[in-house]
Amino acid sequence: MCGIVAYIGNKDAYPIIINGLKRLEYRGYDSAGVALLDDDGDLNIYKRQGKVSNLEDFIQHSNKSGHVGIGHTRWATHGEANHVNAHPHFCTAGDIAVIHNGIIENYNTLKSELLNRGYHFNSETDTEVLVHLFDDVRTKTGLPLEECVRIALNEVIGAYAIVVLSKNDPNKLIVAKLSSPMVIGYGEDNNEYYVASDGSPLVEHTRKVTYIEDGQMAVLEKGKPLQLKLIVDNSEQPTYVDELKYKLEELEKGGFEHFMLKEIFEQPRAIFDSVRGRTNLKKHSISLGGVEEYKNAFKEAKRLIFVACGTSWHSALIAEYLIEELARIPVEVEYASEFRYRNPVIAEGDIVVAISQSGETADTKAALELAKAKGALTYGICNVVGSAISRMTDAGSYTHAGPEIGVASTKAFTTQVAILTLMAMQLADIRGTISKSKLNELISEFDVIPSKIEKILLQNDDIKEIAKDFTESSNFLYLGRGFNFPVALEGALKLKEISYIHAEGYPAAEMKHGPIALIDENMPVLVIAPNVAHYEKVVSNVEEVKTRKGNLIAIVTEGDKEISKISNYTIEVPETIEILTPLLTVIPLQLLSYHIAVMRGCNVDQPRNLAKSVTVE
Ligand code: G6P
């Protein structure tokens, strides 16, 4: 959370920074700010509460000139979302400015020491201690700023990606990183550098980048090659140059009203890309490279422990059903935030699998670190290529969904489920718990899942009509059984995230143990009821809702007669094999949430208080 962008070179810094911040707004939109150093040596700092567009309007007529600058979009942690707490923060003399993504955990101690030494604080943020600390070391030592920053950072506990700009060093930017992400882009030969939290602001300027590692700092100086050092001891570090793989059109709305809708409609293509090259009907095989590499470990595995947060945790729940059903390996699913602090038992033969769209989520990373410390083999399922989790795990699989910009996850979820399904099939094959004919049947059906999703998407207008009747609802209940219980959880999460309607997901049969008390004519109940195992049981659950006058929306298999008769609204999905049903049943739930939220006037791409990648705990 929080997005940072910086530029140094011969071009105007402002347009590069402001457009970059718009790309990073998914990381937070509580406030935005820029600091620009103009050619007269003045450091102009502008900040505004709210979105980047507020900042843009606010400084429309201000001096925005300069060829070096830094910018920030904030997801508030310490200090409310107002323009004083917005970044950049600056030192008392106003000559050093800093932007920061992360949390300084010992900021209270540092702040007390600085207050005792006479420093004055403007904001309530943890970040402001950094800039006064840099100033303090500079006053005490008289060393060059980069050395002061390095020395000061050795006193800091927490997570950070920072960029420092000083009036006295107009040709330099100093960047440093611990836990939060940071990428540097190379422009014109040693004369131009770009910095951002991820590659999306850089891609229209350069594809040549270096991902800074934890504990490293870089000095970007006009006319000089990038200098990379270790914060702890100033030792020189080698730089590795990577290539950004983003396609520019993936970062645009492409004619859709919102990124979320675009991403919902991209799912047939995204799932196709996820699965491509990983299934082979002729050889009756599935090949996820990471599983193949650790084939023996997976063959002998005693238990798989999944760690994840949010939507990715729902994918993990589906993995539990899939892997236990097909491969007969015991599976546990943990909230990463709980797992990391509860001294879990990790025994020989346990494999810990992290699922994360961003590959950056702080709790998931910490859960993995714990698993590694306890000696477990770790596996990562991530969307963002080169992300922290993909680099820290022993092996893994990318979901290849392409950039997901809408804060509410859609294509990232279905591609995770696609990979987890392949993983379950491959594990079953390795462990001999599935016949070749069953494997082939699944592979063939997998091939037609994208076209079945296309068919569901054709019902978009019908779903929009249904949505009209629920814009005033204040509660929603989502029910599902088996593989579709996690889909009920995911449907409820989508609705509450973007429409702010309270929604709960429940296993259909559990409804009798509490939620049934809530059902009356004002309670919309969405039931996921494809024609698979336990269909009749779901029919009974639906009858129980109907008897209590619940307003029923049912997701059913094409041609369904029974539930369609009882429910007020019906949405059909094509028939498929039971274990693949989540890939279809979740689509109408995404569309329904989307339309309800849009009709309620909510900002579906940037729901209040949320951020797409949660890099703080
Ligand atoms: C945030 C996002 C969710 C996401 C969760 C986990 O809460 O708003 O959409 O599911 O983080 O993120 P990850 O990147 O680890 O999948």
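For ligands, and for the atoms within them, numbers begin at 1 and follow the listed sequence. This structure is a prediction, so every number in the text was calculated from the model and none was measured.
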* Structure fact -> Closest to atom 7 (O) of ligand 1 among protein heavy atoms sits Val614 CG2, 3.9 Å

* Check whether any N or O atom of Thr361, backbone or side chain, sits under 3.5 Å from an N or O atom of ligand 1, and answer yes or no. => yes

* Asked: N/O of Thr364 under 3.5 Å from N/O of ligand 1, yes or no?
  -> no

* Heavy-atom distances under 4.0 Å are what count here, so tell me which part of Thr311 touches ligand 1: side chain, backbone, both or neither. => both

* **Nearest protein heavy atom with distance in Å, relative to atom 16 (O) of ligand 1** => Ser312 OG, 2.6 Å

* **Protein heavy-atom partner closest to atom 6 (C) of ligand 1 - residue, atom, separation in Å** => Cys309 O, 3.4 Å

* To do: Hey, could you give me the NE2/CG distance between His83 and Leu55, rounded to the nearest 0.5 Å?
  => 12.0 Å

* Distance (rounded to the nearest 0.5 Å) between Leu589 CG and Leu493 CG -> 11.5 Å

* Quick one: does Asn101's side chain get under 4.5 Å of Tyr160's, heavy atoms only? -> no

* Interfacing atoms of ligand 1 (cut-off 4.0 Å, heavy-atom, Ser356) -> 13 (P), 14 (O), 15 (O), 16 (O)

* Quickly, which of Thr210, Val175, Ile162, Asp214 forms a side-chain contact (heavy atoms from CB on, under 4.5 Å) with Met182? Name it, please. => Val175

* Which residue supplies the protein heavy atom nearest to atom 3 (C) of ligand 1, what is that atom called, and how far is it? -> Glu497 OE2, 4.3 Å

* Looking at Glu332 and Arg303, does any basic side-chain N land under 4.0 Å from a carboxylate oxygen? -> yes

* Euclidean distance, Arg23 CZ relative to Thr73 OG1, rounded to 0.5 Å -> 14.5 Å

* **Ala611 N/O to ligand 1 N/O under 3.5 Å** => yes

* Structure fact -> If you scan protein heavy atoms around atom 9 (O) of ligand 1, the nearest is Val407 O, 3.4 Å

* Of all the non-hydrogen atoms in the protein, which one sits nearest to atom 11 (O) of ligand 1, and at what distance? -> Lys612 O, 3.8 Å

* Using a distance-only test with no angle check, is there a side-chain donor-acceptor pair under 3.5 angstrom linking Ser200 and Asp198? -> yes

* Thr581 side chain to Asn484 side chain, donor-acceptor N/O pair below 3.5 angstrom -> yes

